[in-house]
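Written below as structure tokens is the structure these notes are about.
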Amino acid sequence: MSQRMRINGGIVDRSKPLSFEFDGKQLQGFAGDTLASALLANDIRFVGRSFKYHRPRGIFTAGPEEPNALVQLRRGPYQEPNTRATVAELYDGLHAASQNYRGSLNFDLMAVNDLFAPFLSAGFYYKTFMWPQAFWEKVYEPAIRASAGLGRLSGKDDPDIYDKGFLHCDILVIGAGPAGLMAALTAGRSGARVILADEDFAPGGRLNAETHEINGGDAQGWTASVLSELKSLPNVRLMKRTTVYGAYDHGVYGALEKSTDHLPMSGGKPRQILWRIYSKRAVLCAGATERSIAFGNNDRPGVMLAGAVRAYANRWGVAPGRNVAIFTNNDDGWRTATDLAAKGVSIAAVIDTRSGAAPADVAGATIAMGASIVDTKGRKGISAVTLSNGTTVPVDCLAVSGGWSPNVHLTCHQRGRPDWADEIAAFVPGKDLPVGMSVAGAAKGALTLAACLQEGAKAGAQAAQDLGLTASMAEIPEASDEASAITPFWHVTESKGRAWIDLQNDVTAKDVQLAKREGYRSVELLKRYTTLGMATDQGKTANVLGLAVLAEASGKSIPETGTTIFRPPYTPVPIAAFAGRSRGKDFRPTRLTPGHEWAAEQGAVFVEAGMWLRGQWFPKPGETHWRESVDREVLATRKSVGICDVTTLGKIDVQGRDAAEFLNKVYANGFAKLPVGKVRYGLMLREDGMVMDDGTTARLSENHFVMTTTTANAVGVFRHMEFCRQCLWPDLDVHLISATEQFAQYAVAGPNARKLLQKIVDPEFDISNDAFPFMGCGEITVCGGTPARLFRISFSGELAYEIAVPSRYGDGLIRALMAAGEEFDAVPYGTEALSVMRIEKGHPAGNELNGQTTARDMGMGRMVSKKKDSIGSILSERPELNREDGLALVGFRPVDRARQLKSGAHFIPKGKTPSLENDEGWMTSVAYSPTLGHSIGLGFIKRGSDRLGETIVAADPIRGESIEVEIVSPHFFDPEGERVRA
Amino acid sequence: MIINHPLLGPRDAAEFYYLGDASLLDRPDWQAPDAADKFYEYQYLRDNAAGEHRELWYHEQGDRSWLIVTRDTLTHDITKVELAHDVALAKQADPANTGREG
Amino acid sequence: MRYSGLRVLWEGLTGNKGWQPAWREPEPKKSYDVIVIGGGGHGLATAYYLSNKFGITNVAVLEKGWLGSGNIGRNTTIIRSNYLLPGNEPFYELSMKLWEGLEQDFNYNAMVSQRGVLNLCHTDAQRDAFARRGNSMRLSGADSELLDQDGVRALYPFLDFDNARFPIKGGLLQKRGGSARHDGVAWGYARGADLRGVDIIQNCEVTGFHIENGVCKGVETTKGAISAKKIAVCVAGSSGRVMAQAGMRLPIESHVLQAFVSEGLKPIIPGVITFGAGHFYISQSDKGGLVFGGDIDGYNSYAQRGNLPVVEDVCESGMALMPMIGRARLLRMWGGVMDMSMDGSPFIDKTHIDGLYFNGGWCYGGFKATPASGYCYAHLLAKDEPHPVATEMRLDRFKRGHMIDEKGAGAQPNLH
Amino acid sequence: MPDMTLKPKTPLNGYSETFGATVLEEIAGMGLVSIATPRGGVDALQGAVQSAYGCALPPTGSSTIGNDGAIRLMGLQPGQVFALFAYDGDTAVTEIEKALGDNGYYTDQSDSWAMLHLSGSAAIDALARICPLDLDASVFPDGTVARTVMEHMGVIVLREGTDGFLLMAARSSAANFLHAVEQSVRNVT
């Protein structure tokens, strides 16, 4: 069986045979084939099963509108479900399989559904499967779910790579058919930056599928000459295999380029590229889509759209049948008859719903005017048609033309609605187009070649002129201008058999009528109730027909009945393409500190902190549990000295004559009088009075401050301060710039911190307790002249400093610090030990500063100065935020010291049932304190500060635990703060 | 969306951070007798216009300007883009000038 | 007409000729006891519970488009009651209980499917927050489970555990959560309300309120003036526009939320999953489509459509979480208008105008709330006092300082 | 006493790679200082810049070159320019202070950014895969500077000549940034 349906002509390359496999059969096609044309060439027409009734289905169209011929393309993790065979470009070794059956395509067990069709009418599932209640989840739903969907994902990670890109143009021309080619040519000649995008791998649109003549020569020759001129223009970018799938605000279009889908393997290059195209003008030349007619059993393999039958013969040199009938309501259907006959394909009959004289002679064919087809025969392929006059004609292919619908999809993407045009019995673009878009050619309802050429040229010229360019109308090539007369005809009402409207979702005319009868009369309700137009083809061939049948049932006209809105994408786009490179480790950037490499050498375990990676702890040989490492780091720090990389804290350089006043406004506590050379803790509120962030700010000179923020809030705080600066207090002389990246910063903490630092701080700087007291700061040099900043601040509660050097020296400094610390047994400590020490000290951090808590909750209410205007001060006074029984941050320890506290436990008074009414607060942070030898926690509890010493239950039902805890001061360690001043 | 930045020309809105209604510039006087009510209204109540809307966008991945963009919330059409700093200064010079036309 | 398997069988045998309209298409009367403005899910549910549970049947639902054309007609159909705060959790748990008996109650199969909702966590702080939330749920009588990484892997082995930028550390699972067929919910409530005599009036837009001396006495509509003792606004997404007609400014902004569905696929994702290191949630519908979404676009909009940056952001998160969906194709994207409130939580309250009631501010979580929202609103309308689980959903809570801010994001609607 | 002198490291360890006619390399040894204009002090700063460097303060979005190419001023945001100059020391601010006195507020940015130079025939096509800006010479001519976002990273782009671009991204994500640019070049060459 070797391409026995291949006939002469077409633009396939017969010198390049390609092998492929379909459902296990080895077959051959040619370069230039689609999978569909190659299947038809091999006389394979039954290619899939429908969604609901599992009816045999064949290839219906020759384009992206295909509802039936969906295949599973490629194998293993490369497999791609629901691929339309009609647009899948054939390559050597292509592997495809049919979908949606149990058993085999030929013997599908689920085909039994077709027998039960009377019970599976539109919306049947809303009316049943409700009893007994338990059966829905156990029996009915699993059964329904099992029959869901068509194709199958592999379940494996998509192995291909994808890319994205951004293109900018003056004029985007969508579609490279006759109108698009002329638009691009005219615009391109004006000097405009033009992008011409076409979804096909062979530009030309319908010109490839027809036997038109242009300027007296064949249309393909004309296409080639236009393409060659376009390629020669440096200001024109021609993009094949590129579908413009969506129209977004302000001239932004989404496009998908299939860069390697036509190749056996992608060869390390992106499989697809998702382009964002920024245009000043767009000319939509997307052509038109043919639609069917509803009649009995109009869904069998071999029933095809007439334009598609013609396309297979003309473009691909394939006869879709040996004995073809045509059923049409317009002249265009007759072209299929004449084109096929000219190629030697036998035409059995032409059935035209219009009365009057036949528009053409077709040798040997039965001509039936004013007639229709009421039924078809054949199980896995059509074998005969029955006419309204009772005659039966044996056929193996039926070409149906119900007229053409302009592809108005992109005109509706910004919710514009199309208008109905009686002349062509179709929707055409409405007046409310996306800004900058114009429409030309068949997409606008111009259904003759001459009109397409003319309109395209005009639209291209107009777009260029709109942009101030000089565009002269290109010479319009001569072509046929014969309008295709149509008399609307939608539905053969005398058909007894089911008449399909939506082939993929198995929606029939009866379903539409039933929905209407049951009150689902708005088009939107109809669509939802019947699922019309909701399959993978989005009803491209079905929507207008469905509307027509609804209109017929309602006794209204189509425009009175309505239209459905088209949403992006025009054709489906892989999720991976939208993701581009952002997956796996590349999902988001990773920020590393200058000390990262050193930490990695120490075997640090890293943890994500926002975009940063931070050392969480530094295991030593022999340590098997993270707690061992963390306990050791805490104890060593408290005993001697530890070093922690705190580079990730946000740093903001604040300068200006009014910098102090500015800080006084953005912080709740006072900053105006902070002396030079000093650091102060700052509490920043949101305007709603909740705590936004905290940190320290140092005054380096009269007009120069450096602020630190938490790692998590660095970006948000900077943005907020720019808002305050630009929008609230625009007259202040204050300037902000982030210095987070500029410095590597380390905390050096512990009783020996000073001694350690004295070894590296250059001798001219005195950092003794007197010269450099707690909360002092200064610009110094270290290690023989490297500039540094030193801050005497402490999060750990120890004598501690933070030292910052330019990032280039960050690696050097940590090595120098560790070397200098060797004699003190200095340890590096990670974020866990940092957290343990701050909990021991009762310092709030992220779990406490969660955006739901106030300064008062934190026990810092008095820091909110009422003597000045600062962000958040007024709204923090609202009554519910100042209740007597409000939350307060306190410490907790287990009554049984051996027990471990859990974050997220809720506090319930002893003896009360754990319920919402008895819920008094929750545990925010817990740690094992190696210093104290037991578990400790911080948490918010009602009237907490009045309840020190009380025992309460920390209920943790989600982990099945409930333990008694004692409410204590949050300052577990060195409550008087003596160590920091040592 | 594209925001036509007054200094930089058209930029993808993805470079910006959106805050909300430009009335957030009109921060009340903290010492006014009805400051509590005024701050409540300032912080929480919105016109939420279906149509022309003046709103604050921050060019975070750009020049760090806060902009006031006049945009139609029904169509997304943008008719005016100003530097918020300029508007805020003008308002300070003349408190009656809210930047709104008419 | 009662729906049942037997009825489907009988109709199938007799050519499906006996099916009657699911609801009437009445013209509005001159006056009603209660007018519900908005024939979306919440409005229809309100009418249903008013007529079926509170004995008030002289009710009209006024819908400017077709019934169910609000956000009930376009959402990602998730139901869950996994909230943290006391102002929310009991309310959503009531909703969950109503979902559990809904279909038998209103005799319509809305395909409530309790397949489990899993929230993933990627940091210790998130896990702590999940524990706190899971415990809140338990204290309110809801179900919750805290899973570690192995627990998540056992449920969803196809997630990216090995190469993730933000490794999965565990999750909060609510097994009773799941999804429901959104249109079916609207239609079930509509049919159930209609059966009790409620007039559902489609294509009837409210153009103004009749307010005299601080009392709301009726509405102007495109089908004429209609009076009522009580007017119940229930138009989330359009709350600002409608309440402006009564002269009210609200703590609400309208934002666009996009949602997405893929082509139909054979079952592969059993339950509902939300990513914790980006904006992405996903489930698979009964028809096989992957239904997913993420963050709102972030700018005020009534345009019912969004833009590409969010589409890409959502798909990036999806691919980061489950790279096996890469070759599934996104079939349709759409945008709905959300009432984004100042603390991320809703309102069911009287207004300062007598006779005028307000229900809105549902942010992008209104679908799951549909039954409880309808029930509690009906309760408020019938008894003039809030239902016990909705006492905190008040309009004046910001003035008092009693926010219901689950995320702690503050008074910036696009952060909720 | 042992020599404790700290050794500086560049963000990308001197990366340099050639892809056909396209070259991607790290730029190091540059001083980068932000200069903020004091409120009301634009004329003074302008005058100081003119006399020190012989060029004007650039408007936001463009750059000027002073001292015969020894320094480039880039207008990054209203009231703020970045000065870029060849400098290997640790106190870049001092260099600017010497030239401009107290006419501006200065912040050292030399260590804040990883700098890559991309040049050659594929440069524009490669950048089109990650950069949302229109880099066509008609829109983005020589000397144009802009901050934008590429693969979720903030990037400053400066055009130098017909097909050369200086790209600056946060030092902490230097490796990711290099990966993004390198991948783009590979995808188009």
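Computation of the quantities below employed the complete heavy-atom set of this structure, encompassing side-chain atoms and omitting hydrogens, waters and symmetry-equivalent molecules. Proteins get letters first, then strands, A, B, ... in listed order; numbering begins at 1 in each. As the structure is a prediction and not an experimental result, all values here were calculated from the model.
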Item to check | Contact origin within A/Q504 toward chain C - heavy atom pairs under 4.5 Å | outcome: neither
Item to check | pair A/K127-C/S4: side-chain heavy atoms closer than 4.5 Å | outcome: no
Item to check | Donor-acceptor contact below 3.5 Å, side chain A/N850 vs main chain C/G408 | outcome: no
Next on the checklist: Measuring only between side-chain heavy atoms, which start at C-beta, is C/E312 closer than 4.5 Å to A/L274?
Outcome noted: yes
Next on the checklist: Any salt bridge linking C/E316 with A/K164? Criterion: basic side-chain nitrogen under 4.0 Å from a carboxylate oxygen.
Outcome noted: yes
Item to check | Proximal component of A/R686, with respect to chain C [non-hydrogen, under 4.5 Å] | outcome: side chain
Checklist entry - Which heavy atom of C/S113 sits nearest a heavy atom of A/E141, and at what distance? => result OG-OE2, 2.6 Å
Checklist entry - Measuring heavy-atom distances to chain C, does A/Q99 have an atom under 4.5 Å in its side chain, in its backbone, in both, or in neither? => result neither
Next on the checklist: I want to check something: taking the side chain as every heavy atom from C-beta on, are A/T83 and C/R329 in contact at a cut-off of under 4.5 Å?
Outcome noted: yes
Next on the checklist: Is A/P589 close to chain C through its backbone or its side chain, or both, or neither, when contacts mean heavy atoms under 4.5 Å?
Outcome noted: backbone
Item to check | A/A845, part contacting chain C, at a heavy-atom distance under 4.5 Å | outcome: neither
Checklist entry - Are C/R400 and A/E880 side-chain neighbours, meaning at least one heavy-atom pair lies under 4.5 Å? => result yes
Checklist outcome for this item: If one checks every heavy atom of A/F566 against chain C at 4.5 Å, the contacting part turns out to be neither
Checklist entry - Could A/R959 and C/D128 be called an ion pair, given the rule that one side-chain N must be under 4.0 Å from one carboxylate O? => result no
Item to check | Short N-O contact, C/R305 and A/D249, less than 4.0 angstrom | outcome: yes
Next on the checklist: Quick check: do C/N109 and A/Y140 have side-chain heavy atoms less than 4.5 Å from each other?
Outcome noted: no
Next on the checklist: Using ring pair (Phe, Tyr, Trp, His ring centres under 6.0 Å), reason through A/Y520 and C/W23 one step at a time and then give a plain yes or no.
Outcome noted: CA-CA 9 Å; A/Y520 302 86; C/W23 39 74; 4.9 Å; yes
Item to check | Choice from C/P86, C/G188, C/A411 maximising heavy atom contacts with chain A below 4.5 Å | outcome: C/P86
Next on the checklist: Can you tell me if A/R415 has over 12 outside heavy atoms packed within less than 6.0 Å of its CZ?
Outcome noted: yes
Checklist entry - Considering only heavy atoms, which portion of A/M534 lies under 4.5 Å from any heavy atom of chain C: side chain, backbone, both, or neither? => result both
Checklist entry - Around atom CH2 of A/W131, are there more than 12 heavy atoms of other residues, nucleotides or ligands at under 6.0 Å? => result yes
Next on the checklist: Nearest 0.5 Å, please: how far is CZ in C/R327 from CG in A/L73?
Outcome noted: 8.5 Å
Item to check | C/L6, part contacting chain A, at a heavy-atom distance under 4.5 Å | outcome: neither
Item to check | Engaged part of C/A125 at the chain A interface, taking heavy atoms whose separation is under 4.5 Å | outcome: both
Checklist entry - Should the heavy atoms of other residues, nucleotides or ligands under 6.0 Å from NZ of C/K266 be counted, would the total exceed 12? => result yes
Checklist entry - Where on A/F116 is there a heavy atom nearer than 4.5 Å to chain C: the side chain, the backbone, both, or neither? => result neither
Item to check | A/T590 portion near chain C, given a 4.5 angstrom heavy-atom threshold | outcome: both
Checklist outcome for this item: Bottom line for C/S69: the part with an atom under 4.5 Å from chain A's heavy atoms is neither
Next on the checklist: Quick one, A/Q852 with C/D405, criterion side chain to side chain donor-acceptor pair (under 3.5 Å). Give me CA distance, side-chain angles, the key distance, then yes/no.
Outcome noted: CA-CA 7 Å; A/Q852 298 166 325; C/D405 187 350; 5.6 Å; no
Checklist entry - Side chain, backbone, both or neither: which part of A/V607 has a non-hydrogen atom closer than 4.5 Å to chain C? => result side chain
Next on the checklist: Please classify the contact between A/A117 and chain C as side chain, backbone, both or neither, with a heavy-atom cut-off of under 4.5 Å.
Outcome noted: neither
Checklist entry - Any ion pair linking A/R521 and C/E25 (charged N to carboxylate O, less than 4.0 Å)? => result yes
Checklist entry - Is it true that C/Y3 and A/Y125 have ring centroids separated by less than 6.0 Å? => result no
Next on the checklist: Between A/R145 and chain C, with a heavy-atom cut-off of 4.5 Å, which part of the residue counts as in contact: side chain, backbone, both or neither?
Outcome noted: both
Next on the checklist: What part of C/T14 gets within 4.5 angstrom of chain A, counting heavy atoms only: side chain, backbone, both, or neither?
Outcome noted: neither
Checklist entry - Heavy-atom distance under 4.5 Å to chain C: side chain of A/A609, backbone, both or neither? => result neither
Checklist entry - Checking A/R878 side chain against C/F398 main chain: does a donor-acceptor pair fall under 3.5 Å? => result yes
Checklist outcome for this item: Under 4.5 Å to a heavy atom of chain C? For A/S522 that would be side chain
Item to check | Closest non-hydrogen atom pair, C/L67 against A/L525 | outcome: O-CD2, 3.5 Å
